[in-house]
Amino acid sequence: MPEHFARTKLNAAKVMHVIAHMEKGGAERQMMLLTQASRHSHVIAVLKGNEVASDTPVVLLENLNPVKIFSKIQAVIREYSIDIVQLWLPDRITIPAMLAAKSNGCRIISGDRRKVRNYGGGAFRDRLPYINHVAADLVVPNYPHFPPPLSLRRVLGVPRKTKTIANGLALKAREVPISSHPTRLLFVGRLVEQKRVQPLVEKMPRILAETGIQGLDIVGEGPEEAAIRNSIKTLGLADNVRLHGRLTDWGECFSPESHMLVLPSASEGMSNTLFEAISWGYFALTSQSRELDALLSRWKHKPVTFDHENLNTLVEQLRITNASPIESIQTRLRSMQCDLVEFSVERMAASYDGIYDQLSLKKATS
């Protein structure tokens, strides 16, 4: 075991995180925040080429070959005397890592960060992590799940070993006075089917004609980008809809005075982007979900929601928002900013630390 890893946090559990990237989306940000705030010791196993500078020890997985991943994870478990293996994503890496953890007597935490689809090829892919869930000691989603009574999830017994830990947000609320109604929409996220950006673009002619909104800015990258560009061209929206690629500082590139966040995702569980936008002072409209309602159950004011399957409801909500006094919009936003304290990094790290305590004790006594 590397000397500095052994001496940093004596008597702490040794946790290995398995993930494809260290800097990409919400799961990656959570992992980095957790390893910094936790009182236990951590090491990160990440796909080579996707690592970033970190105070946490990092080991590299050469490629996606499952046999090589198994061998590497097994070697790291032995070198670092790992107690707990925490599986993040994706399944091509985490399934062989789970097998290595299982064969070496480690406790396993299986992350659950995707709302499964019931259509297309994604329906099968979204359920592959269930292999890890069955093998794990604990399944940790970042938002409440409500599986149907006859779902595969219930048949496999996943709910019985599930503990929800909401994301921790390293945010400081910024009060930006909004003197008039914003005139542009802002989307931030991966350009994938589930985010439903293309249907939003296709609805833009009506939004432009009926709501006072004058355009849409899209921040992000992904496989849907070509189709989105084609829709913009076909609909003659080049002057109104702009693609900006990936921007890490999007909150500063745009202004709450000119932009409102819109998230038309097919599944909005715990959206870091939503909460980051609120912290930055942006008024937000997001697709409605039972999961989000449960997360925000104690909030006095909540983001405006609409039906992602019927974007006419978004048009109506934009009309209502633009007809509302600007003072009421600011009051609602400030209330939500105050409630963000519920999702602190310290609270998130303490919840995980409690799990690490329990699992390391079980390992020691087994």
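Keep in mind that what you see is a predicted model, and the values were worked out from it rather than measured. Side-chain atoms are counted along with the backbone in the values below, which use heavy atoms only and exclude waters and symmetry mates.
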K.L.:
Would you please say whether a donor-acceptor pair under 3.5 Å links the side chains of T56 and Q36?
P.N.:
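Checked: T56/Q36 side chains show no N/O donor-acceptor pair below 3.5 Å.
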
K.L.:
How close do H133 and V158 get, heavy atom to heavy atom, and via which atoms?
P.N.:
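Looks like CB-CG2, 3.9 Å.
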
K.L.:
Which class fits the ring pair W299 and F343: parallel under 30°, tilted 30 to 60°, perpendicular over 60°?
P.N.:
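Geometry flag for F343 against W299: tilted rings.
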
K.L.:
Would the distance check show the side chain of S279 and the main-chain N or O of F275 forming a donor-acceptor pair, the cut-off being under 3.5 Å?
P.N.:
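Checking the backbone N and O of F275 against the side chain of S279, no donor-acceptor pair under 3.5 Å is found.
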
K.L.:
Quick one: pull up CD in E221 and CZ in R190 and give me the separation to the nearest 0.5 Å.
P.N.:
7.5 Å

K.L.:
With side-chain contact (heavy atoms from CB on, under 4.5 Å) as the criterion, how do R29 and E276 come out once you've worked through the C-alpha distance, each side chain's angles and the decisive distance to 0.1 Å?
P.N.:
CA-CA 12 Å; R29 290 198 297 275; E276 287 169 358; 3.4 Å; yes

K.L.:
Does some side-chain heavy atom of K48 sit less than 4.5 Å from a side-chain heavy atom of N63?
P.N.:
no

K.L.:
Check whether V176 and M336 end up in the same hydrophobic cluster, where Ile, Leu, Val, Met, Phe, Trp and Tyr are linked by side-chain heavy atoms less than 4.5 Å apart.
P.N.:
no

K.L.:
Over all heavy atoms of both residues, which pair between P141 and K163 is shortest? Give the atoms and the distance, please.
P.N.:
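That closest heavy-atom pairing would be CD-O, 3.4 Å.
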
K.L.:
How long is the straight-line distance from CD1 of I19 back to CG of L89, given to the nearest 0.5 Å?
P.N.:
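If we round to the nearest 0.5 Å, L89:CG and I19:CD1 are 5.0 Å apart.
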
K.L.:
Quick one: does any side-chain atom of Y282 pair with a main-chain N or O of S255 as donor and acceptor, under 3.5 Å?
P.N.:
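Yes, Y282 side chain to S255 backbone: donor-acceptor pair under 3.5 Å.
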
K.L.:
Check step by step if side-chain hydrogen bond (donor to acceptor under 3.5 Å, both in side chains) holds for N132 and T94.
P.N.:
CA-CA 8 Å; N132 290 333; T94 58; 2.9 Å; yes

K.L.:
Output yes when a side-chain donor or acceptor of S335 lies under 3.5 Å from a complementary backbone atom of R332, and no otherwise.
P.N.:
no

K.L.:
Before we go on, tell me: are the rings of Y143 and H145 under 6.0 Å apart, centre to centre?
P.N.:
yes

K.L.:
Rounded to the nearest 0.5 Å, how far does CD1 of I329 lie from OG1 of T321?
P.N.:
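Here the interatomic distance stands at 6.0 Å.
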
K.L.:
Check whether N65 reaches the backbone of K68 with its side chain - one donor and one acceptor, N or O, closer than 3.5 Å.
P.N.:
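Judged by distance alone, yes, a pair lies under 3.5 Å.
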
K.L.:
Please report the interatomic distance CD1(I218) to NZ(K195), rounded to the nearest 0.5 Å.
P.N.:
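Going from the CD1 atom of I218 to the NZ atom of K195 covers 14.0 Å.
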
K.L.:
Tell me which one of R298, R347, K300 satisfies salt bridge (Lys or Arg N to Asp or Glu O under 4.0 Å) with E342.
P.N.:
R298

K.L.:
Apply salt bridge (Lys or Arg N to Asp or Glu O under 4.0 Å) to D137 and K161, showing your working.
P.N.:
CA-CA 7 Å; D137 296 275; K161 58 168 82 173; over 6 Å; no

K.L.:
Please determine if E62 and K72 form a salt bridge, counting it only when a charged side-chain N lies under 4.0 Å from a carboxylate O.
P.N.:
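Judged by the 4.0 Å cut-off on N to carboxylate O distance, E62 and K72 do not form a salt bridge.
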
K.L.:
Looking at side-chain heavy atoms only, is the closest gap between M16 and Y80 below 4.5 Å?
P.N.:
no

K.L.:
Given 3.5 Å as the limit, does a donor-acceptor pair link the side chain of N50 with the main chain of A20, or not?
P.N.:
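Yes, N50 side chain to A20 backbone: donor-acceptor pair under 3.5 Å.
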
K.L.:
Measuring from atom CE of M260 to atom CD1 of I178, what distance do you get when rounded to the nearest 0.5 angstrom?
P.N.:
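Output value for this atom pair is 9.5 Å.
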
K.L.:
According to a hydrophobic-cluster definition based on side-chain heavy atoms being under 4.5 Å apart (Ile, Leu, Val, Met, Phe, Trp, Tyr only), do L311 and V192 belong together?
P.N.:
no

K.L.:
Going through the distances and angles, do I355 and I84 end up as a side-chain contact (heavy atoms from CB on, under 4.5 Å)?
P.N.:
CA-CA 10 Å; I355 288 175; I84 301 165; over 6 Å; no

K.L.:
Hydrogens and angles aside, do N312 and R206 bring a side-chain donor and acceptor to less than 3.5 Å of each other?
P.N.:
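There is such a pair between these side chains.
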
K.L.:
Under 4.5 Å between any side-chain heavy atoms of S110 and Y130, yes or no?
P.N.:
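No, their side chains stay 4.5 Å or more apart.
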
K.L.:
So, N230 side chain and A226 main chain: donor-acceptor pair closer than 3.5 Å or not?
P.N.:
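Not a single qualifying donor-acceptor pair exists.
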
K.L.:
Which heavy-atom pair separates L191 from G220 by the least distance, and what is that distance?
P.N.:
CD1-O, 3.5 Å

K.L.:
Under a single-linkage definition using a 4.5 Å side-chain heavy-atom cutoff for Ile, Leu, Val, Met, Phe, Trp and Tyr, are I109 and L361 assigned to the same hydrophobic cluster?
P.N.:
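Result: no, two separate clusters.
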
K.L.:
Any side-chain to backbone donor/acceptor pair from R39 onto A349? Under 3.5 Å, distance only.
P.N.:
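Flag not set: sc R39 to bb A349 has no pair under 3.5 Å.
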
K.L.:
Please test L285 against L261 for side-chain contact (heavy atoms from CB on, under 4.5 Å), starting from the C-alpha separation and ending with a verdict.
P.N.:
CA-CA 6 Å; L285 301 96; L261 185 78; over 6 Å; no

K.L.:
Please confirm whether the backbone N or O of S265 pairs with a side-chain atom of S287, one donor and one acceptor, at under 3.5 Å?
P.N.:
yes

K.L.:
Compare every heavy atom of T164 with every heavy atom of N142, then report the nearest pair and how far apart it is.
P.N.:
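Scanning both residues, the minimum pair turns out to be C-CG2, 4.2 Å.
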
K.L.:
Hey, mind stepping through L34 and M31 against side-chain contact (heavy atoms from CB on, under 4.5 Å) and telling me if it holds?
P.N.:
CA-CA 5 Å; L34 172 58; M31 181 194 69; 5.7 Å; no

K.L.:
For the residue pair Y352 and V15, establish whether any side-chain heavy-atom pair is separated by less than 4.5 Å.
P.N.:
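Contact flag for Y352/V15 side chains = no.
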
K.L.:
Would you check if Q198 and S231 make a side-chain contact, meaning some heavy-atom pair closer than 4.5 Å?
P.N.:
yes

K.L.:
Inspect the contact between D339 and K302 and indicate whether a charged nitrogen and a carboxylate oxygen are less than 4.0 angstrom apart.
P.N.:
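D339 and K302: not salt-bridged.
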
K.L.:
Compute whether any side-chain donor of one residue and acceptor of the other, for S38 and D353, lie under 3.5 angstrom apart.
P.N.:
yes

K.L.:
I'd like to check the salt bridge (Lys or Arg N to Asp or Glu O under 4.0 Å) partners of R196; sequence neighbours left out, ordered by chain and number.
P.N.:
none

K.L.:
So how far is it from N167 CG to M348 CE, rounded to the nearest 0.5 Å?
P.N.:
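Reported value, rounded in 0.5 Å steps: 7.0 Å.
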
K.L.:
Flag yes if more than 12 heavy atoms outside R174 fall under 6.0 Å of its CZ atom; otherwise flag no.
P.N.:
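Correct, the count exceeds 12.
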
K.L.:
Is it true that V341 and L171 fall in one hydrophobic cluster, defined by side-chain heavy atoms closer than 4.5 Å?
P.N.:
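Different clusters.
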
K.L.:
Which heavy-atom pair separates L247 from V219 by the least distance, and what is that distance?
P.N.:
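Reported closest heavy-atom pair: N-CG1, 3.7 Å.
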
K.L.:
With hydrophobic residues grouped by side-chain heavy-atom distances under 4.5 Å, do L216 and V315 end up in a single group?
P.N.:
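In one cluster: yes.
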
K.L.:
Ring centres under 6.0 Å, that's the criterion: do H244 and F254 meet it?
P.N.:
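Close enough - the centres of the two rings lie under 6.0 Å apart.
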
K.L.:
If you define the side chain from C-beta out and look only at heavy atoms, does anything of L314 sit under 4.5 Å from D307?
P.N.:
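When only atoms from C-beta onward are counted, D307 and L314 do not touch, as no gap falls below 4.5 Å.
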
K.L.:
Look at the rings of H17 and Y356 and say which category their plane angle falls in: under 30° parallel, 30 to 60° tilted, over 60° perpendicular.
P.N.:
perpendicular

K.L.:
Determine yes or no for a side-chain-to-main-chain donor-acceptor pair under 3.5 angstrom, with D83 supplying the side chain and K14 the backbone.
P.N.:
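Indeed, once roles are kept as given, a pair shorter than 3.5 Å links the two residues.
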
K.L.:
So do M204 and N240 actually touch side chain to side chain, heavy atoms under 4.5 Å?
P.N.:
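No, their side chains stay 4.5 Å or more apart.
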
K.L.:
Of the non-hydrogen atoms in L333 and G281, which two are nearest, and what is the gap between them?
P.N.:
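Closest approach of L333 to G281: CD2-O, 3.0 Å.
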
K.L.:
In the structure I gave you, are the side-chain heavy atoms of Q317 and I320 within less than 4.5 Å of one another anywhere?
P.N.:
yes

K.L.:
Assess the residue pair N104 and Q74 against the criterion (side-chain hydrogen bond (donor to acceptor under 3.5 Å, both in side chains)); give the C-alpha distance rounded to whole Å, side-chain angles, the decisive distance to 0.1 Å, and a yes or no.
P.N.:
CA-CA 7 Å; N104 284 272; Q74 180 169 257; 3.2 Å; yes

K.L.:
Would the distance check show the side chain of E51 and the main-chain N or O of G49 forming a donor-acceptor pair, the cut-off being under 3.5 Å?
P.N.:
yes

